[in-house]
There are 2 protein chains.
Amino acid sequence: MKEQKIPKETIKRLPIYYRCLNRLVVLGKDTLSSTELSEYLGIKPTQIRKDLSYFGDFGTRGVGYDLRRLFKEIESILNLERTWNIAIAGISNIGCAIMDLLDFNHSGFNIVTAFDSNPNVVGNVVHGVTVHDLNDLKECTVEEPIDIGIIAVDPVDAREVANCLVDRGVGGIINFAPTLLNLPKEIEVVQMDLTSELGWLVFFIGNN
Amino acid sequence: MKEQKIPKETIKRLPIYYRCLNRLVVLGKDTLSSTELSEYLGIKPTQIRKDLSYFGDFGTRGVGYDLRRLFKEIESILNLERTWNIAIAGISNIGCAIMDLLDFNHSGFNIVTAFDSNPNVVGNVVHGVTVHDLNDLKECTVEEPIDIGIIAVDPVDAREVANCLVDRGVGGIINFAPTLLNLPKEIEVVQMDLTSELGWLVFFIGNN
DNA sequence: TATTTATTGTGATAACAAACACATAAATTT
DNA sequence: AAATTTATGTGTTTGTTATCACAATAAATA
Ligand SMILES: NC(=O)c1ccc[n+]([C@@H]2O[C@H](COP(=O)([O-])OP(=O)(O)OC[C@H]3O[C@@H](n4cnc5c(N)ncnc54)[C@H](O)[C@@H]3O)[C@@H](O)[C@H]2O)c1
Ligand SMILES: NC(=O)c1ccc[n+]([C@@H]2O[C@H](COP(=O)([O-])OP(=O)(O)OC[C@H]3O[C@@H](n4cnc5c(N)ncnc54)[C@H](O)[C@@H]3O)[C@@H](O)[C@H]2O)c1
């Protein structure tokens, strides 16, 4: 292992490895070769080894990887050892689905606050979290630090909500609304964009 | 414009251009330069021009692009002139959100069937579409051709549903379940994977 | 009409990422 | 203990994508 710039694409694969390893750990497996993992994931074994080699020598030649060890290594690389505080904006279909998902997984993602502008929704308790009004967020009534914001509000409101989240100090945002956010470049934004993906799919299908 | 291999990344940006152009058309704008579009999207103007140049000379030097013309060109490139038939599996939070979204946009995406395994949901009518039982899909009780399947079922059921969709002849699948699908390579699969994106985000935040 | 300004389109180059070939080393077999 | 098998780690090569520099051309101005 040498100090090298780590490809962005490598980082994007790590969570995929991580989830697969997690499943295999649960199944009680304890050694894993890159070829075997490759078969589960449809990612070439050389790619997997190269990705891992950026971070250290985790395997044993002739044997493979110790599954638990590798799992822990990736956990550490991705900063998943600590818990991360999440705020969700928009407690309708998508917002609820995310609360279900994160609560069920009891991953290191902790939903510390939820908010909505609809008075019929404000005050409800979902998965143990009280839904606040957007103004509470603005006025810092909610005291906990927020690491990540997830936006699941109406497209026209997404920008306003994003700005509030940034004011509250989030380091990154996941945006489900089909709205481009214009945020300072130190805030990392992930667009979860169904219609864009449909566009890609339809290009692909129509030309194959 | 010369015959060249078109980068995958270029195709992924086209839907982003498309949506932005759509909004600007609605606003009544009629000419647009790559620099201006660049400011809306945060994508460099040279990148935009290069992307478009793979498909033809759509602009006028010294002037820019005719907005409507460009919009129509991208529509044609992406095969968005025809309508596409969609089946949605899993009519709970995510499934309903998608039905709202596609119905509201009245994009060229037509939800022709929806299905679920829960007897309490089967038979309900959502946005004018009757929810069928999964077995109806298996037995081809639903007669319409399906171009694209969207999976929003429980992770453990995703693979089974994917196989049914492939048997029904879909060309591509969008999968919201955190489950890797092992499908023939001619079927294009898009994973909408929140937990992977959170992994990436947390790496980014933790190291910056 | 000549000059300047605005803006596109593109060949060339640079940056990035994947694939490959093979050296290395552990385990197993002969 | 030598040979074979298995599997990792990595320098090199190949392929892909983004950026740059600038030629081409239309419009506006002098
Ligand atoms: N990326 C995807 O895959 C995908 C799929 C479907 C829908 N969407 C998008 O996700 C978003 C949410 O969709 P949905 O169906 O869950 O929700 P919805 O459209 O049914 O409701 C939006 C919710 O946000 C709340 N809201 C609106 N403005 C707000 C504000 N300023 N502050 C706080 N809360 C506010 C509303 O009260 C409501 O509860 C929409 O933008 C939709 O277009 C994305
Ligand atoms: N990618 C993302 O951003 C994201 C976010 C949240 C949840 N999810 C995932 O999306 C999926 C759906 O989540 P949700 O909260 O909308 O749904 P849910 O988990 O509340 O319910 C799943 C639905 O699928 C139905 N179903 C189960 N098995 C089925 C089968 N074999 N055939 C047909 N229908 C079946 C159930 O009856 C139910 O209606 C889950 O897998 C969840 O993990 C993804």
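All values below come from the heavy atoms of this structure, side chains included, with hydrogens, waters and symmetry mates left out. Numbered from 1 within each chain, the chains take letters A, B, ... in sequence-line order.
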Mind calculating the distance between [atom1] ([X]) and [atom2] ([N]) to the nearest angstrom?
X: Gln4(A); N: dC16(C); atom1: CD; atom2: P; answer: 13 Å
X: Arg49(A); N: dA7(D); atom1: CZ; atom2: P; answer: 10 Å
X: Arg13(A); N: dA18(C); atom1: CZ; atom2: C1'; answer: 8 Å
X: Asp57(A); N: dA7(D); atom1: CG; atom2: C1'; answer: 13 Å
X: Phe55(B); N: dT10(C); atom1: CZ; atom2: P; answer: 13 Å
X: Leu52(A); N: dA18(C); atom1: CG; atom2: C1'; answer: 15 Å
X: Ile48(A); N: dA17(C); atom1: CD1; atom2: P; answer: 18 Å
X: Glu9(B); N: dG15(D); atom1: CD; atom2: P; answer: 19 Å

I'd like to check Asn79(B) versus Asn207(A) (side-chain heavy atoms, cut-off strictly below 4.5 Å). Are they in contact? yes
Report yes or no: do Asn135(A) and Asp133(A) form a side-chain donor-acceptor pair below 3.5 Å? yes
Any chance the side chains of Thr195(B) and Asp193(B) put a donor and an acceptor closer than 3.5 Å? yes
Tell me whether the side-chain N/O atoms of [X] come closer than 4.0 Å to OP1 or OP2 in [N].
X: Ser34(B); N: dT8(C); result: yes
X: Tyr65(B); N: dG9(C); result: yes
X: Gln47(A); N: dA17(C); result: no
X: Arg61(A); N: dT24(C); result: no
X: Lys50(B); N: dT10(C); result: no

Looking only at side-chain atoms of Ser33(A), point me to the closest of dT19(D), dG9(C), dT8(D). dT8(D)
Which nucleotide, dA19(C), dT10(D), dA17(C), lies nearest any side-chain atom of Lys44(A)? dA19(C)
5'-most contact on DNA chain C (nearest-nucleotide basis), Ile6(A) vs Gly62(B), goes to Gly62(B)
When you measure only distances, ignoring hydrogens and angles, does the side chain of Lys5(B) come within 3.5 Å of the base of dG15(D) through a donor and an acceptor? no
Let me confirm one number: the CD1-CD1 distance from Ile11(B) to Ile77(B), rounded to the nearest 0.5 Å. 8.0 Å
One should read off an interatomic distance between Thr113(A) OG1 and Ile146(A) CD1, to the nearest 0.5 angstrom, of 6.0 Å
I want to confirm an ordering. Mapping Thr46(A) and Pro7(B) to their closest nucleotides on DNA chain D, which one lands closer to the 5' end? Thr46(A)
